[in-house]
Amino acid sequence: MDRFSWSNGLLEINETLVIQQRGVRLYDGDDKAKLDVGVALLSTHRLIWRDNWCHSMPLSQILLFEEQAAGIGKSAKIVIHLQATPANKEPGPYQHSKYSFIKLSFKEHGQIEFYRRLTEEMTRKRWENTPASQPIPIGTGSQAGRTRAVGIVGIERKIEEKRKETDKNISEAFEDLSKLMVKAKEMVELSRSIANKIKDKQFGLRSYLLSMGIADPVTRETHGSGTHYHMQLAKQLDDMLQAPLEERGGMMALTEVYCLVNRARGMELLSPEDLVNACKMFESLKLPLRLRVFDSGVMVVQLQSHSEEEMIASALDNVSDKGSLTAEEFAKLLGLSVLLSKERLLLAEKMGHLCRDDSVEGLRFYPNLF
Amino acid sequence: MHRRGVGAGAIAKKKLAEARYKERGNVLAEDQIVQMSKQLETFKSNLEEFASKHKQEIRKNSQFRVQFQEMCATIGVDPLASGKGFWSEMLGVGDFYYELGVQIIEVCLALKHRNGGLITLDELHQRVLKGRGKYAQDVSQDDLMRAIKKLKVMGSGFGMIPVGGSYLVQSVPAELNMDHTVVLQLAEKKGFVTVSEIKDSLKWEKERACHVLDHLLKEGLAWLDSQAAEEAQYWLPALFSELTSRDVTPEEANQMTP
């Protein structure tokens with residue numbers, strides 16, 4: 001163990017990391033070294049070991065090495081016999097030792113691969129071809145070793161620690177999640193059994209179901225899944241949408257409303273269902289907005305004041321004026337979205353005021369002269 | 001004479017019986033509601049505890065989100081149903097998906113003029129990630145799909161069409177039936193398709209093939225290259241992203257009329 005020198009954990013230029021293995025304990029000869037279990041690293045030039053501090057020895061120090069199989073209660077080891085200490089060796093964890101061999105004990109396995117790589121490096125002797133620059137002594141030798149390992153080796157260690165922690169967190173999270181779900185399941189079954197018995201859902205029960213995320217079996221068409229929350233939302237929407245609707249010709253696609261409202265909110269966003277349920281309450285709350293569903297399935301919020309007749313009349317006017325119009329042209333004219341202008345033209349057509357010319361060049365509308 | 005069920009007396013009796021039944025029904029329910037509220041409170045605190053420990057996992061880990069969603073589905077719960085739901089409020093799952101919904105809508109809107117409202121899930125994924133910036137939470141394709149499922153309820157025509165091992169995301173209410181879908185799948189490999197290819201692969205008659213292709217043209221989902229070497233080619237812009245047209249940024253998307 002007196003062949004090791006303190007290291008700052010940085011790899012030299014031309015030096016490459018070959019393999020690393022954690023869970024390794026060092027032995028000074030046959031005795032356990034007075035160090036904790038750490039990480040053994042093999043580079044093209046050195047054998048490095050680190051825990052809270054880091055030390056290394058050049059591979060040229062290695063005379064020969066052999067595997068020692070695992071036994072009962074004993075981890076597999078690699079025994080490394082070493083050359084005599086060179087005169088200019090930098091200080092390390094051991095001043096001197098009676099042994100001229102060390103052992104690496106692999107408490108978390110990995111010895112087979114490590115042995116293989118060590119064999120390879122010792123055969124190739126890459127350190128001879130690309131001599132690494134002399135390690136720069138940083139301060140006094142012992143201090144350099146005792147500072148926390150920085151550089152590549154330090155970063156690797158941080159990543160490893162984080163990985164271990166993440167693994168632990170995730171499995172704990174999954175465990176807790178499973179337990180939570182068991183409880184949730186009980187809640188769901190209980191509420192289902194009640195929900196089925198009562199036909200007239202009071203607001204209270206409904207909001208409970210909403211909070212749990214349980215689909216309300218009562219038909220939604222009549223009241224929507226309206227709760228107090230949705231009532232409030234509906235009123236908020238009324239406030240928020242007046243101006244934007246005026247700007248857009250009195251009508252906005254629901255997806256557009258969704259984006260507008262949620263961008264404004266920033267957090268505690270509305271779900272698409274929340275929005276739909278709130279809009280369904282406009283009429284019963286006597287608010288001047290309406291949710292409207294076109295034949296195509298497109299849903300819009302429109303100002304009550306913009307009556308259907310008005311829209312159709314204006315569509316007819318515009319088309320007659322220009323002779324004919326496509327949805328895109330109409331959109332440009334009115335400053336509406338293409339989607340909504342198409343709906344208006346379709347509506348006018350449905351009412352018999354317009355007729356269509358459907359070709360590959362597009363859908364064009366003409367005044368209905370029939 | 002005793003006739004059964006008729007007469008004012010019988011009717012009154014019937015009404016009374018109904019009222020009693022209703023009363024009994026309500027009383028029964030009330031007990032249970034009390035019990036339910038108690039259990040609800042317990043569950044809420046369980047959920048709070050879980051949230052305080054693991055809220056981060058849900059935000060950071062898409063695998064965890066998948067597990068969570070699947071478990072909820074198994075027990076019959078939709079954690080994304082309402083922003084007011086427990087799951088949303090305490091775990092913050094809602095905001096993650098609802099915001100994603102906004103971003104999906106905006107990307108689709110921005111590109112609609114180019115691809116007619118059809119985009120591959122891959123391209124959508126890339127563009128959403130780009131729009132979110134490099135410090136935002138990671139978003140997986142599973143996350144996108146769940147957000148899109150939610151958007152359907154707003155009648156915007158959002159849907160997913162299985163094509164070539166992945167999906168095409170539709171964001172306009174264009175009617176696409178089985179025939180259209182099958183042709184899209186056929187076009188997936190090269191980005192375009194011809195009448196002959198349809199006839200050969202699907203064994204359709206020319207009329208049927210032309211009908212479908214015309215529809216795709218009309219809806220703006222396909223472009224016609226009538227100058228192609230042997231035969232007219234119908235290209236689907238949704239299926240290739242190396243178009244020469246200039247890229248539209250989310251900022252520009254905001255300015256565009258939907």
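These figures come from a predicted structure and were not determined experimentally. Reminder, nothing fancy here: chain letters follow the sequence lines and each chain counts from 1.
- Note that the NZ atom of A:K179 and the CD atom of B:E49 stand 9.5 Å from one another [nearest 0.5 Å].
- A distance of 6.5 Å separates CE in A:M181 from CE in B:M71, rounded to the nearest 0.5 Å.
- Around the NZ atom of B:K150, the shell of radius 6.0 Å holds more than 12 heavy atoms that belong to other residues, nucleotides or ligands.
- When B:G85, B:P173, B:S82 are compared by the number of non-hydrogen pairs under 4.5 Å with chain A, B:S82 comes out ahead.
- Taking NZ of B:K112 as the reference point, atom OG of A:S337 lies at 7.0 Å (rounded to 0.5 Å).
- The parts of B:F64 that come within reach of chain A are both its backbone and its side chain, each placing non-hydrogen atoms under 4.5 angstrom from that chain.
- For B:F50, the part lying near chain A is the side chain, with the backbone staying farther off; criterion is any non-hydrogen pair under 4.5 Å.
- No more than 12 heavy atoms of other residues, nucleotides or ligands lie within 6.0 Å of NZ in B:K44, so this atom counts as exposed by the packing criterion.
- In this structure, chain A has a heavy atom under 4.5 Å from the side chain of B:K53, while its backbone stays farther away.
- For A:D274, the parts lying near chain B are the backbone and the side chain together; criterion is any non-hydrogen pair under 4.5 Å.
- Shown here is B:Q56, whose CD atom has more than 12 heavy atoms of other residues, nucleotides or ligands within 6.0 Å.
- For the set A:S271, A:A184, A:A331, the count of heavy-atom pairs under 4.5 angstrom toward chain B peaks at A:S271.
- For chain B, the nearby parts of A:E172 are the backbone and the side chain; heavy atoms of each come within less than 4.5 Å.
- Distance OG/A:S178 to CD/B:Q67: 7.5 Å, rounded to 0.5 Å.
- Counting heavy-atom pairs closer than 4.5 Å to chain A, the top residue among B:D95, B:L47, B:T42 is B:D95.
- Proximity of a side-chain donor or acceptor of A:Y258 to a complementary backbone N or O of B:Y98 within less than 3.5 Å is detected.
- By the 4.5 Å heavy-atom criterion applied to side chains, A:E273 and B:D78 are counted as neighbours.
- The choice from B:A81, B:P79, B:S88, B:C72 that makes the most heavy-atom pairs within less than 4.5 Å of chain A is B:A81.
- Considering CE of A:M187 and CZ of B:F43, their distance stands at 7.0 Å, rounded to 0.5 Å.
- Heavy atoms of A:V276 lying under 4.5 Å from chain B belong exclusively to its side chain.
- Counting heavy atoms from C-beta on, the side chains of B:E106 and A:R263 come closer than 4.5 Å.
- The environment of A:M267 atom CE is sparse: at most 12 non-hydrogen atoms of other residues, nucleotides or ligands sit within 6.0 angstrom.
- In this structure, B:H54 and A:L177 have side chains that are not in contact, with every pair of non-hydrogen atoms separated by 4.5 Å or more.
- Shown here is A:Q242, whose CD atom has more than 12 heavy atoms of other residues, nucleotides or ligands within 6.0 Å.
- Between the CZ atom in B:F96 and the CG atom in A:L269 there is a gap of 12.0 Å [rounded to 0.5 Å].
- Interface remark: B:E89 contributes no atoms to any contact with chain A (heavy atom separation under 4.5 Å).
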Task: Steps toward side chain to side chain contact (heavy atoms under 4.5 Å, CB included) verdict (A:L180, B:N46) - done: CA-CA 7 Å; A:L180 186 73; B:N46 286 330; 4.1 Å; yes

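- Residue with the most contacts toward chain B among A:L363, A:L275, A:D358: A:D358 (heavy-atom pairs, distance under 4.5 Å).
- Other residues, nucleotides and ligands place more than 12 heavy atoms under 6.0 Å from the CD atom of A:Q236.
- Using a 4.5 Å cut-off between heavy atoms, A:F294 does not touch chain B at all.
- The contact between A:A173 and chain B is made by backbone and side chain atoms together, counting heavy-atom distances below 4.5 Å.
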